[in-house]
Amino acid sequence: MSNWRKFPLLRILLPSIAGILLANYLRRPMPCLWYGLLGGGTLLAILAFRSQAFRYRWWSGSVIIPLFLLLGYACSTLHNPIYDVAFMGHLASGEQLVQGIVRNAPHHQQKRIQIELEVERVGTHPDTLTSVRANLLLYLPNDLAGQAVRYGDRLLCQTNWQPIAPPRNPHAFDYRGFLARRHIHHQAFIADGAFIRLDSLQGNPILGMAYQWRAQLLRALHRHLPAKEQQSVAAALILGYKQGLSEDVKNAYSATGAMHVLAVSGLHVGLVWAIIAFCLRWLPTHRPLFKVLRTLLTLMALWGFALLTGASPSVLRATTMFSFILVGRMLQREGSIYNTLAASAFCLLLFDPQLIFQIGFQLSYAAVASIVYFYPKIYPLWHINNRLGDWTWQLVALSIAAQLGTLPLSLYYFHQFPLYFWLSGIVVVPFAFLVLGSGLLMLFLDLIWPALAGLVAYLLNGLIWLMNALIFLIHQLPQSFFSEIWIDHWVMLALYLGLACMIIGINWRRARWWLYASGILVLISAYTAFRWIDQDRQRQLTIYDLHGRTYVEFVEGEEIIALHSKQVHPEDLHYATRNYHLSLGARLIEQYTFGEKIERSNWWLNQQFVQFHTLRLFIPAALPARAPIEPLKVDLLLLRDGFASSLDVLFEYVEPKQVIIDNSARRWQQHRWITDCGTHHVPVHRTATQGAFTLDLNDIEI
């Protein structure tokens, strides 16, 4: 990569990505956007057909960069429904009829069935429905009618659709942002019998057929593989269907750095290519007609596999890249792999610009680009004469190269680093080839010779069992992974900047770029050290938003004391607090319930009263036995479920500076409290609408 001019597609990809990022940051249509595209395209065409002196060669580049930046901006706004005048979000929500087409395979949950509905019309009466543009996340009842819904069905639903709520606890997973990247901004829950199916087979016929085939193949896997754990791993590895994976399997594969094997990616697409090439080896390659036929058959097989596995970003990336390689070979043009990667990314982002924000897309391209660059430099560092040793070193070098490119993203998104990623790579890569090959063979034989398919299923079952056993064994090794790691997006970008400086230093053999990389690492270390110092002096109060529960945390340095009403489910508590604890660098050490009497350093609990340093918090369950001569002044008053007295009477006992209403109380009670606080001119914070209440005692004088 020493010559930038050798990668023209990379030179147009980067400004296109910049345009997509700019559109998502500004979130508004750009005036005269299409005129700018038309003018830039015309000017570029004039420069292309007119000979120029060498010293004016930069003119074309000065036009290409803004032109493709505008193109990325235009694609982002064009694909996003919120810029459309017919966007459903411009209408008032409420109990209405919604008509739309199911655009994905239904996701079956315990009590509900989740589907994505491409909304066509909305209204209060079937005869007065208005055409709109939107995508709706719909939850159907898990009954016979809901289970009969398929991709491509046109549904008419009676529902009260609502915008998807933002995260209400600090640093919690932003589910609204996650869905917005897929152009979904609203959700609705359907009651029993509140929807009908108007029509079927209204979606993409190719995708609909692929979903039907995948359902049949899943049934075949369930028939031949009796153990549920082997079924789920086979469905994920062969067909990209991950709904059946247990939490234990997910945690083991994630902690050992092998989770990518359960997400169909370039490894799987490459194996399918190898299988198809082996089956078509009898076709002569010296005749152009047979060469074209072989290429077309291979492309059809690769894209058919991509559709069967759900067309995930990793599969789309790999299939698109292999398609460019196949077409290049057919035309006898062997281009740079970096150009091929850039071309596949450019085409995918033109089709859906929001892919750039999907974790799978980012990890996929980071891993492949890192392997392409670093593997040829890592592998020659150790020459092993033994064939088995050399093959093992190839897998280790491959794992190291992939980790170099994905490490910042992994730390940022997953907050952990698998220490034995190189060992899991030695296990899962060969097993992935064996499992995928035998799995595809079993599914093919199931169509023509079920008895022989059953014999292959025994082999497949044993391979998956052995692979799982080895992964769980690696997971149980001491210090198998580092967890509880927190970095913000600036540190992630700085790590990639340091990696880029290191790559430039390798290519250009300039020592100063290595100094730049070292300087970036020093700055990151200094930033982390100052953050640790700041964590030692932190003092915070957080009242979380948990439906039906009261949960309060007091942060003192790196320790957290929690106060709660009812027992909180561990999964709900983990979802609400984990990321915030990581950002604070603190851990939970004690939990208490209301009504206890506890005295600790700088923290005191006496039934309804809490004192944390100078902060005074009152959490009433009932009115005090005796009224004071004058109201007791407190800093915060927390109202929760269980307190039923009037605030008019309560304010005769206490005089709060601010009232907090958590989400444990009933909605009508919360509204009544808000009205009473307004009457008494007391500021109020309601966690159900405003999110968790956080107070930093170092920044605010109480």
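Keep in mind that the numbers below use all heavy atoms, side chains included, and drop hydrogens, waters and symmetry copies.
- A donor-acceptor contact shorter than 3.5 Å links the side chain of H415 to the backbone of I485.
- Between the side chain of N579 and the backbone N or O of H171, at least one donor-acceptor pair lies under 3.5 Å.
- Side chains of W303 and T320 form a contact here, defined as non-hydrogen atoms less than 4.5 Å apart.
- At a threshold of 4.5 Å between non-hydrogen side-chain atoms, the residues Y73 and L21 do not count as touching.
- A search for side chain to side chain contact (heavy atoms under 4.5 Å, CB included) contacts involving Y375 returns I371, Y379, Q394, A397, L398, A401, not counting sequence neighbours.
- In this structure, Y420 has no ring-ring contact (aromatic ring centres under 6.0 Å, His included) partners at least two apart in sequence or on a different chain.
- A distance-only check finds a donor-acceptor pair linking the side chain of T77 to the backbone of A74 [under 3.5 Å].
- Side-chain polar atoms of N24 and Q354 form a donor-acceptor pair below 3.5 angstrom.
- Proximity of a side-chain donor or acceptor of H79 to a complementary backbone N or O of F351 within less than 3.5 Å is detected.
- Among residues two or more places apart in sequence or in another chain, the ring-ring contact (aromatic ring centres under 6.0 Å, His included) test is passed with H581 by none.
- Listed by chain and number, the residues in a side chain to side chain contact (heavy atoms under 4.5 Å, CB included) with S232 are L245 (sequence neighbours excluded).
- Checking side-chain atoms of N251 against main-chain N and O of E247 turns up a donor-acceptor pair under 3.5 Å.
- Using a 4.5 Å heavy-atom threshold, the side chains of L326 and L302 count as touching.
- Proximity of V372 to Y338: side-chain heavy atoms (C-beta onward) are separated by under 4.5 Å at one or more points.
- With hydrogens and angles ignored, the 3.5 Å screen pairs a side-chain donor or acceptor of S399 with a backbone N or O of L395.
- With sequence neighbours excluded, the residues that form a ring-ring contact (aromatic ring centres under 6.0 Å, His included) with F87 are H90, H185, H186.
- Residues passing the ring-ring contact (aromatic ring centres under 6.0 Å, His included) test with F417 are F421, sequence neighbours excluded.
- Every residue meeting the salt bridge (Lys or Arg N to Asp or Glu O under 4.0 Å) condition with E120, not counting sequence neighbours, appears here in chain and number order: R154.
- A search for side chain to side chain contact (heavy atoms under 4.5 Å, CB included) contacts involving I359 returns L363, Y413, F414, not counting sequence neighbours.
- For I504, the side chain to side chain contact (heavy atoms under 4.5 Å, CB included) partners at least two apart in sequence or on another chain are W508, W513.
- A donor-acceptor contact shorter than 3.5 Å is absent between the side chain of D352 and the backbone of L349.
- A side chain to side chain donor-acceptor pair (under 3.5 Å) check over residues 484-499, counting only residues at least two apart or in different chains, returns the pairs D488-Y527.
- The salt bridge (Lys or Arg N to Asp or Glu O under 4.0 Å) search around R103 returns E116, not counting sequence neighbours.
- In this structure, N135 contributes its side chain and H183 its backbone to a donor-acceptor pair below 3.5 Å.
- Here the side chains of F178 and F357 are not in contact, with every heavy-atom distance at 4.5 Å or above.
- Relative to the ring axis of Y139, R112 does not place its NZ or CZ within 45° and under 6.0 Å from the centre.
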Enumerate, atom names and distances included, each donor-acceptor pair closer than 3.5 Å involving a side-chain atom of residues 203-210, sequence neighbours excluded.
residue, atom, partner, partner atom, Å
N204, OD1, I206, N, 2.9
N204, OD1, L207, N, 3.3

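- Using modelled atom types, no side-chain atom of S76 and backbone atom of A23 make a donor-acceptor pair closer than 3.5 Å.
- The shortest side-chain heavy-atom distance between L499 and L495 does not fall under the 4.5 Å cut-off.
- Distance alone, capped at 3.5 Å, is enough to place a donor-acceptor pair between the D174 side chain and the G177 backbone.
- Checked against I184 for a side-chain contact (heavy atoms from CB on, under 4.5 Å), the options L179, L136, L117 give a single hit: L179.
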